[in-house]
Visitor: 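Quick one: structure below, then a few questions.
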Amino acid sequence: MNKQDLKRSNEPPVWLMFSAGGMISAITFPVLIFIVGILLPFGLIPWEGVGNIAHFAQSWFGKLVLLAVMIFPMWAGMHRVHHGLHDIKVHVPFSGIICIGLSTLYSLVALIAVIKL
């Protein structure tokens, strides 16, 4: 096989974002749902602690955490949508480009929103 016959693929960076999104979703979402969906509404955590959460979100580390929790799961979801469509034999023209484009657009909007915090 000649080196000129090899075709470059965009799959490695997309799989990186997909796997990071899956891992972050699996680790952080149950904790976030537990805190925001159960502990805060039932008064098990005092509402005064919400100010600490807002203060954390405005720090540079908090902004990185917010970006990771928002961006990577979107990439994982759109990658699953793209491959799920192929699994059920629905072939949308340019579905890979559409899914990657939507994920990129969402990432840029999330980045702008977090920077303005």
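Keep in mind the model is a prediction, meaning the values are calculated, not measured. Any value given below was found using the heavy atoms of this structure, including those in side chains, with hydrogens, waters and symmetry copies removed.
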Visitor: Report whether Met70 and Leu108 are members of the same hydrophobic cluster (ILVMFWY, side-chain heavy atoms less than 4.5 Å apart, transitive linking).
Guide: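 No; tracing contacts between hydrophobic side chains, which count when under 4.5 Å, never links both residues.
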Visitor: Mind checking the CG-CG spacing from Leu44 to Leu39? Nearest 0.5 Å is all I need.
Guide: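 That separation rounds to 5.5 Å.
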Visitor: State which residues pass side-chain hydrogen bond (donor to acceptor under 3.5 Å, both in side chains) with His91; sequence neighbours excluded, sorted by chain then number.
Guide: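 Scan of His91 (side-chain hydrogen bond (donor to acceptor under 3.5 Å, both in side chains), adjacent residues dropped) gives His86.
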Visitor: Do Trp60 and Leu117 belong to the same hydrophobic cluster, where Ile, Leu, Val, Met, Phe, Trp and Tyr are linked whenever their side-chain heavy atoms lie under 4.5 Å apart, directly or via other members?
Guide: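 Linked, Trp60 and Leu117 end up in one cluster.
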Visitor: Do you reckon Val109 sits in the same ILVMFWY cluster as Val114, going by side-chain contacts under 4.5 Å, direct or chained?
Guide: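 Cluster IDs for Val109 and Val114 differ.
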Visitor: Distance check, rounded to the nearest 0.5 Å: Cys99 atom SG versus Arg80 atom CZ?
Guide: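 With rounding to 0.5 Å, SG (Cys99) is 13.0 Å from CZ (Arg80).
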Visitor: Between OH of Tyr106 and CG of Leu111, what distance do you get to the nearest 0.5 Å?
Guide: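 Going from OH on Tyr106 over to CG on Leu111, the span is 12.0 Å.
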Visitor: Shortest non-hydrogen contact from Pro30 to Ser25?
Guide: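 Heavy-atom minimum between the residues: CD-O, 3.6 Å.
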Visitor: Identify the heavy atoms of Ala76 and Gly22 that sit nearest to each other, and give their distance.
Guide: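 Smallest heavy-atom distance, with atoms named: CB-N, 3.7 Å.
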Visitor: Please round to the nearest 0.5 Å and tell me the distance separating atom CD1 of Ile38 and atom CD1 of Ile33.
Guide: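 So the CD1 of Ile38 and the CD1 of Ile33 are separated by 8.5 Å.
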Visitor: Any link between Trp75 and Met23 through a network of hydrophobic side chains (Ile, Leu, Val, Met, Phe, Trp, Tyr) touching at under 4.5 Å?
Guide: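 In one cluster with Trp75: Met23, yes.
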Visitor: Can you measure from OG1 (Thr104) to CD1 (Ile71) and round to the nearest 0.5 angstrom?
Guide: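 Rounded to the nearest 0.5 Å, the OG1-CD1 separation comes out at 10.0 Å.
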Visitor: Can you tell if the side chain of Phe72 reaches within under 4.5 Å of the side chain of Leu67, non-hydrogen atoms only?
Guide: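 No, side chains not in contact.
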Visitor: To check you understand the geometry: which heavy-atom pair defines the closest contact between Val69 and Ile24, and what is its length?
Guide: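 For Val69 versus Ile24, the nearest heavy atoms are CA-CG2, 4.1 Å.
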Visitor: Distance check, rounded to the nearest 0.5 Å: Met78 atom CE versus Ile100 atom CD1?
Guide: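 Interatomic distance, Met78 CE to Ile100 CD1, rounded to 0.5 Å: 9.5 Å.
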Visitor: Linking I/L/V/M/F/W/Y whenever any side-chain heavy atoms sit under 4.5 Å apart, do Ile112 and Leu66 land together?
Guide: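 Per the 4.5 Å side-chain linkage, Ile112 and Leu66 are not co-clustered.
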